[in-house]
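All ligand and atom numbering here is 1-based and tracks the order in the structure. We number each residue from 1, following the sequence as shown. The shown structure was predicted, so the numbers you read here are calculated from the model rather than taken from an experiment.
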Amino acid sequence: RVLGGRALDLAGRRVAVSAGGTREAIDPVRFIGNRSSGLQGYALARTAVARGAQVTMVAANVALPDPAGATVVRVESALDLRAAMLEAAESADAVVMAAAVADFRPAARSDSKIKKSSAEPDPIHLTKNPDILAELCDRRREGHKPSPAVIAGFAAETDDVLANGQAKLARKGCDLLVVNQVGPNLAFGTPDNAAVVLVAGGDPVEVPRGPKEDLADVVWDLVAARLA
Ligand code: CTP
Ligand code: CA
């Protein structure tokens, strides 16, 4: 079966995609966040729907219209995202972690708005967030069933892109790692992306600068090949 020239090669498959950037609350009105727009994750969701997949989109703080045909779960913090992804992973054939997850969160969240006073402000103490991608891979390796057959992550690197990416792929234990080349006018908030997709036990696939849909389709090509 073919749609718009591309086979419905994900028909009957369930996939879960995370997108956007987490917000870690400091107090009821403030948070620590990041610059992820969610565009790449949404492109992944749209292309997966177009290829016939049943898509769960876990969206962290995105200002984008829901991708048609996907089930959207909205989350705010890394801990929310973790809960939503662990649940989605129970029934997913493939999981793609495209979200920018905060590595740290404030160790304590103030229940009331922090007021300024004449004194110097208190430092904000941080604590580590769980590594959701590594956790999904660890659970699978430890034999948790059901687990996704394919687990993919993203990494934005500024230096030693390939070496850092390969080390990260091995450390996390995932099947695919999309390494973005971050630079002027690339990645955050732009419609275009350039990347190298690292493949566990295979050759890297270079994706030249182009629309985020093109990169998404390369990711699904590799996912579909591993599911087959
Ligand atoms: N990730 C995650 N949970 C976290 C941090 C990251 O699941 N707490 C996922 C991201 O969604 C991404 C991948 O891990 O798919 C790589 O994220 P990245 O920030 O590049 O890697 P880190 O392991 O956090 O390493 P560092 O930030 O130190 O480079
Ligand atoms: Ca990180």
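When heavy-atom distances to ligand 1 are checked against a 4.0 Å cut-off, Leu177 has no atom that comes that close, whether in backbone or side chain. Proximity of Glu135 to ligand 1, defined as any heavy-atom pair under 4.0 Å, is not found for any part of the residue. At a heavy-atom cutoff of 4.0 Å, ligand 1 is contacted by the backbone of Ala99 but not by its side chain.
Ligand 1 has a nitrogen or oxygen under 3.5 angstrom from a nitrogen or oxygen of Met97. For a threshold of 3.5 Å applied to N or O pairs, the pair formed by Leu133 and ligand 1 contains at least one separation below that value. Considering backbone and side-chain atoms alike, Gly153 places every N or O at 3.5 Å or more from each N or O of ligand 1. Close N/O approach between Val101 and ligand 1 is not found [any backbone or side-chain N/O within under 3.5 Å]. Between Ala100 and ligand 1, not a single N/O pair is under 3.5 Å apart. Below 3.5 Å of separation, one finds an N or O of Lys168 facing an N or O of ligand 1. Geometrically, ligand 1 and Asp103 share a nitrogen or oxygen pair separated by less than 3.5 Å.
The pair Asp93-Arg14 does not count as a salt bridge, with every side-chain nitrogen at least 4.0 angstrom from each carboxylate oxygen. Ion pair Asp214/Arg209 not flagged as a salt bridge, since none of the NZ, NE, NH1 or NH2 atoms sits closer than 4.0 Å to an Asp/Glu carboxylate oxygen. Asp27 and Lys113 are not joined by a salt bridge, as no carboxylate oxygen comes within less than 4.0 angstrom of a charged side-chain nitrogen. Between Glu87 and Arg82, none of the side-chain N atoms (NZ, or NE/NH1/NH2) sits under 4.0 Å from a carboxylate O, so this pair counts as no salt bridge.
Ligand-side atoms of ligand 1 in range of Ala155: 20 (O), range being under 4.0 angstrom from any heavy atom.
For the 3.5 Å distance criterion, the side chains of Asp159 and Asn164 fail to qualify, holding no donor opposite an acceptor. With hydrogens and angles left out, the side-chain atoms of Asn61 and Glu76 include no donor and acceptor closer than 3.5 Å.
Under the 4.0 angstrom criterion for non-hydrogen atoms, Pro130 is in contact with ligand 1.
Of all protein heavy atoms, the one lying nearest to atom 16 (C) of ligand 1 is Phe154 O, 2.9 Å. Nearest to atom 22 (P) of ligand 1 among the protein's heavy atoms is Lys172 NZ, 3.8 Å. Looking from atom 3 (N) of ligand 1 to the surrounding protein, the closest heavy atom is Ile132 N, 3.0 Å.
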Between Asp103 and Asn129, does a side-chain hydrogen bond (donor to acceptor under 3.5 Å, both in side chains) hold up when you go through it step by step? CA-CA 5 Å; Asp103 293 327; Asn129 272 327; over 6 Å; no
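Taking the side chain as every heavy atom from C-beta outward, Met85 and Val75 never approach each other to under 4.5 Å. Contact check for Val207 versus Val196: no side-chain heavy atoms found under the 4.5 Å cut-off. The shortest distance between side-chain heavy atoms of Met57 and Pro67 falls below 4.5 Å.
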